[in-house]
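Take a look at the structure below.
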Amino acid sequence: MQLGNFIGGKFCPPHSGAYIDDLNPATEEVIVRIPDSDGQDVDDAVAAAKAAFPAWSRTPAAERSRLLLKLADLIEQNLEELAQLESRDNGKTISLARRLDIPRAVANFRFFGTAILHHGSEAHPMDGVALNYTLRQPLGVAGLISPWNLPLYLLSWKIAPAVASGNTCVAKPSELTPLTANRLAELSLEAGIPAGVINIVHGYGAKAGRALTVHDDVPVISFTGGTVTGAAVATNASPRFKKISLELGGKNPNVIFADADLDDAVATTIRSSFWNQGEICLCGSRIFVERARYDEFLERFIAATKKLKIGDPLDETSDVGALISADHLRKVTGYIELAKREGGSVVCGGNRVDRRGYFVEPAIITGLGVNCRVLQEEIFGPVVTVTPFDGEEEAIAFANSTRYGLAATVWTRDLQRAHRVAAAIDSGTVWINCWLLRDLRVPFGGMRESGVGREGGFESLEFFTETKNICVKL
Ligand code: NAP
């Protein structure tokens, strides 16, 4: 079976006639073949989006809202099918796809579909002399590039605000996970979203993705992916003066003080370490525990990790599924080997699972210093390090010891310390005694090499619009 690009409301073959195999990472079998799109396909998609822009940008906000809410309803009605597609395509467990990925896609369309009804702009009366106000207008064709780890969740996080605020878009999902993007295209037609408003081009980032970032008719790029790719996107898009948002990688610290509720800290750290096989940008991969409770934490954490069931992602009872690809499996197991060479001990897991598919046991590593490569570089798999610390100052220094700054978790019952440490950690998000809770109204993004710009809430609507300063003499 072959998928097409979704351009101008129709599913089209790629100009080149070339296709890419999309594999199920749990079985290594080909699920479907997707277009290996090139610049010509991107040109077609941008042309369709550009043609749809005048009418869509003039469509009243209430009507855009109605259509996006209809799309949200359709995603919800097809939740089970979408969860199965996501699980087969990505290797994530079906329980997580049902609980996290698909409901968040519904929430994204509902949130931005209603946010536009409440989003205004400012007016500044100048003491009877003039009225100065800000006019917000959509930018045109938005280029949206997303990764494979939370395929529909992150695609909807970009499509929903872009389209809600009156832009049309061309999205390039990861070529490793095209299935839910394709189903979203079908559902957008069913919802009645006009042809050309949402376009989806499949294919490799270096070809189709790059073509989007350099396209003269695409004034805005929203990118989520790795830091190295983000630099390439910025290099290509910046000289063309595009508006850019970059949501990049992380090496997130979990700081656990001795006064923490250890039951909660262990249970939550299991999720923040190994959910989605550790393939969530917000997973904590460096765990720092105050020395007085280090042994106790480690013992309980290892025991809880050993209870995780690794297996068929479509099995309701599996806790850990397959990594996304053979390449990624090599990268993750390579870091486990590197940890040993750097002098660390793998105190739990870390072995390949003896079955077909890209499975590896969740790994816990101890005995490494904060400057080792394993604690500096993003692994993006089920591999965490556990390190003791002495006192608040050292905890903050350890947390801040990488180039990244995406998310952090702090565990303590001391209210003042919680606020102090949260403010001192260089991180776009800090969770205190919890993980992965987020109100969609708050700005989201990373510091340092974890990203540039903020998305979320009204900030996303502002990102996808241009402001004009209009001053009327009275
Ligand atoms: P990636 O390799 O950087 O790819 C991301 C997307 O960019 C894919 O669609 C990719 O296509 C495309 N791409 C690759 N080269 C490109 C180029 N030169 N120009 C334009 N697009 C290009 O990232 P990934 O491996 O898919 O995802 C994992 C990374 O994403 C991790 O680093 C993770 O931390 C990060 N992430 C960050 C956030 C956040 O919110 N900060 C959220 C989720 C994930 P191909 O698939 O064909 O390469």
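When a ligand or atom number is given, it counts from 1 through the structure's own listing order. Numbers here are sequence positions counted from 1. As a basis for the values below, the full set of heavy atoms in this structure was taken, side chains included, without hydrogen atoms, waters or symmetry mates. Remember, predicted model here, so these are calculated numbers, not experimental data.
Atom 35 (C) of ligand 1 has as its closest protein heavy atom G225 O, 3.2 Å. The nearest heavy-atom contact from the protein to atom 28 (C) of ligand 1 is F380 CE2, 3.5 Å. In terms of protein heavy-atom proximity, atom 10 (C) of ligand 1 is nearest to K172 NZ, 3.8 Å. The closest protein non-hydrogen atom to atom 45 (P) of ligand 1 is E175 OE1, 2.8 Å. The single protein non-hydrogen atom nearest to atom 37 (C) of ligand 1 is L248 O, 3.1 Å, given as residue, atom name and distance.
Between E316 and R98, at least one side-chain N (NZ, or NE/NH1/NH2) sits under 4.0 Å from a carboxylate O, which counts as a salt bridge. A salt bridge links R183 with E81: the closest approach of a Lys/Arg side-chain nitrogen to an acidic carboxylate oxygen falls below 4.0 angstrom. Ionic pairing of K50 and D217 is present here: one or more N-O contacts between side-chain nitrogen and carboxylate oxygen are shorter than 4.0 angstrom. Using a cutoff of 4.0 Å between basic side-chain nitrogens and carboxylate oxygens, R110 and E76 are scored as salt-bridged. Salt-bridge formation is detected for the pair D21/R33: a Lys NZ or Arg NE/NH1/NH2 atom is positioned less than 4.0 Å from an Asp or Glu carboxylate oxygen.
S318 places a side-chain N or O within donor-acceptor distance of the main-chain N or O of D312, the cut-off being under 3.5 Å.
Distances below 4.0 Å separate heavy atoms of F444 from the following atoms of ligand 1: 40 (O). Set against the non-hydrogen atoms of L154, the atoms of ligand 1 under 4.0 Å away are 42 (C), 43 (C). Here is the list of ligand 1 atoms found below 4.0 Å of a heavy atom in G226: 1 (P), 3 (O), 23 (O), 29 (C), 30 (O), 32 (O). Within ligand 1, counting atoms from 1 as listed, the ones closer than 4.0 Å to a heavy atom of W148 are 24 (P), 25 (O), 26 (O), 27 (O). Heavy-atom contacts of G209 reach the following atoms of ligand 1: 19 (N), 20 (C), 21 (N) (cutoff under 4.0 Å). Close approach of ligand 1 to C281 (heavy-atom distance below 4.0 Å) involves ligand atoms 34 (O), 36 (N), 37 (C), 38 (C), 39 (C), 40 (O), 42 (C), 43 (C), 44 (C). Every atom of ligand 1 is numbered from 1 in the order shown, and the set under 4.0 Å from a heavy atom of Y204 is 47 (O).
A side-chain hydrogen bond (donor to acceptor under 3.5 Å, both in side chains) with T224 holds for exactly one of E247, E455, K158; it is K158.
Distances shorter than 4.0 angstrom occur between a heavy atom of S146 and an atom of ligand 1. Residue G203 places a heavy atom less than 4.0 Å from ligand 1.
Of the heavy atoms in L406, only side-chain atoms (C-beta onward) come closer than 4.0 Å to ligand 1. Here E378 has side-chain heavy atoms under 4.0 Å from ligand 1, and that is the only part of it that gets that close. Looking at N236 against ligand 1, nothing comes within 4.0 Å, counting heavy atoms.
Residues satisfying the side-chain contact (heavy atoms from CB on, under 4.5 Å) criterion with T168, sequence neighbours excluded, are A49, A52, F53, W56, V141, V197.
Screening residues 8-39 for ring-ring contact (aromatic ring centres under 6.0 Å, His included) gives F6-F11 as the qualifying pairs, with residues at least two apart or on separate chains.
Relative orientation of the F301 and F297 rings is parallel, given thresholds of 30° and 60° on the angle between their planes.
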| message | Run the ring pair (Phe, Tyr, Trp, His ring centres under 6.0 Å) test on Y153 and W148 for me, step by step, so that the C-alpha distance in whole Å, both residues' side-chain angles and the decisive distance to 0.1 Å come before the verdict. | response | CA-CA 10 Å; Y153 176 134; W148 46 261; over 10 Å; no
| task | Would you check, one step at a time, whether the test side chain to side chain contact (heavy atoms under 4.5 Å, CB included) holds for D89 with I31? | result | CA-CA 8 Å; D89 216 10; I31 309 173; 3.7 Å; yes
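Between G205 and ligand 1, a contact under 3.5 Å exists for at least one N or O pair. When only interatomic distances are considered, the shortest N/O to N/O separation between P147 and ligand 1 does not fall below 3.5 Å.
Closest to atom 5 (C) of ligand 1 by heavy atom, among T229, T224, V233, T213, is T224. If you check each of I145, N149, I20, I379 against atom 43 (C) of ligand 1, the one with the closest non-hydrogen atom is N149.
Note: F288 and F389 fail the aromatic proximity criterion, with ring centroids not under 6.0 Å apart.
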